[in-house]
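All values below were derived from every heavy atom in this structure, side-chain atoms included, with hydrogens, water molecules and symmetry-related copies excluded.
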Amino acid sequence: MATTYTYPDAYLARFCTEDRETRALADVTLWAANTPDAAFDASWTERLVILQTYILACLENQADTEDLFTAKLKSYRQQLDVELPRALAAAAAAGDVVGGFGMYSIPLERS
């Protein structure tokens, strides 16, 4: 079976296995579970799974502190540090969460 997502980093793509992608998806699902009444949409899920899969591939393949995996790991961790808060904010906004409570709308009509 193949991976679900396409990995644009030509060097790391061959290290992005189905197993790593599955573990990355579990991580992303856990992050989303910490956002009350909201979930990541498909585009955010894909973006975060790809980044996390790259991070897992780098962690598991780096040989020393000066190799290419270490440099890529630093870069992808920085990207994740930016993208995860953006994804959480987008999930919260999509869920209409206000102060931890869902926003409900009641139409007002004049009689």
Side-chain angles (χ1 to χ4, degrees):
M1 195 169 186
T3 59
T4 303
Y5 302 112
T6 302
Y7 294 89
D9 184 316
Y11 183 78
L12 287 180
R14 64 185 168 169
F15 299 101
C16 295
T17 63
E18 184 181 355
D19 178 57
R20 286 190 182 113
E21 186 179 77
T22 300
R23 287 186 289 144
L25 181 58
D27 291 341
V28 171
T29 301
L30 182 62
W31 299 333
N34 292 324
T35 305
D37 301 323
F40 296 136
D41 67 16
S43 65
W44 277 114
T45 298
E46 178 178 2
R47 189 177 311 173
L48 294 173
V49 167
I50 289 171
L51 287 172
Q52 186 64 3
T53 303
Y54 285 156
I55 289 169
L56 292 172
C58 289
L59 284 170
E60 294 172 7
N61 286 290
Q62 68 184 21
D64 63 49
T65 59
E66 300 295 322
D67 67 7
L68 184 57
F69 290 110
T70 302
K72 286 184 174 285
L73 175 62
K74 180 180 178 184
S75 172
Y76 286 119
R77 279 187 167 161
Q78 289 172 342
Q79 286 183 41
L80 185 63
D81 288 345
V82 171
E83 295 298 319
L84 182 56
R86 291 179 61 212
L88 292 169
D96 290 327
V97 175
V98 177
F101 296 99
M103 184 82 135
Y104 297 99
S105 175
I106 302 171
L108 299 174
E109 297 180 15
R110 281 198 137 159
S111 42

**OP:** Measure from the side-chain N and O atoms of Glu21 to the backbone N and O of Thr4, and report whether any donor-acceptor pair falls under 3.5 Å.
**Re:** yes
Original post:
Between Leu51 and Leu56, is there a shared hydrophobic cluster once you connect ILVMFWY residues whose side-chain heavy atoms come closer than 4.5 Å?
Top reply: no
Original post:
ring-ring contact (aromatic ring centres under 6.0 Å, His included) with Phe69: which residues, sequence neighbours excluded?
Top reply: Tyr11, Phe15
Grab the two heavy atoms, one from [X] and one from [Y], that are nearest each other, plus how far apart they are.
X     : Y     : answer
Val49 : Ala24 : O-CB, 3.7 Å
Ala91 : Ala39 : CB-O, 3.5 Å
Val82 : Arg86 : O-CG, 3.4 Å
Ala87 : Trp44 : CB-CE3, 3.4 Å
Phe40 : Leu48 : CE1-CD1, 3.7 Å

Original post:
Do Thr70 and Asp67 have side-chain N/O donor and acceptor atoms under 3.5 Å apart?
Top reply: yes
**OP:** Report yes or no: do Asp41 and Ser43 form a side-chain donor-acceptor pair below 3.5 Å?
**Re:** yes
I need the [X] [atom1] to [Y] [atom2] distance, nearest 0.5 Å.
X     : Y     : atom1 : atom2 : answer
Lys72 : Leu59 : NZ    : CG    : 14.5 Å
Cys58 : Leu68 : SG    : CG    : 7.5 Å
Asp19 : Thr3  : CG    : OG1   : 12.0 Å
Ser75 : Tyr54 : OG    : OH    : 10.5 Å
Tyr7  : Thr53 : OH    : OG1   : 3.5 Å
Lys74 : Gln62 : NZ    : CD    : 13.0 Å

**OP:** State which residues pass side-chain hydrogen bond (donor to acceptor under 3.5 Å, both in side chains) with Glu60; sequence neighbours excluded, sorted by chain then number.
**Re:**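 Arg20, Arg23.
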**OP:** Check side-chain hydrogen bond (donor to acceptor under 3.5 Å, both in side chains) between Asn61 and all other residues, then give those that pass, not counting sequence neighbours.
**Re:**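 Testing Asn61 for side-chain hydrogen bond (donor to acceptor under 3.5 Å, both in side chains), a comparison that skips the adjacent residues, returns none.
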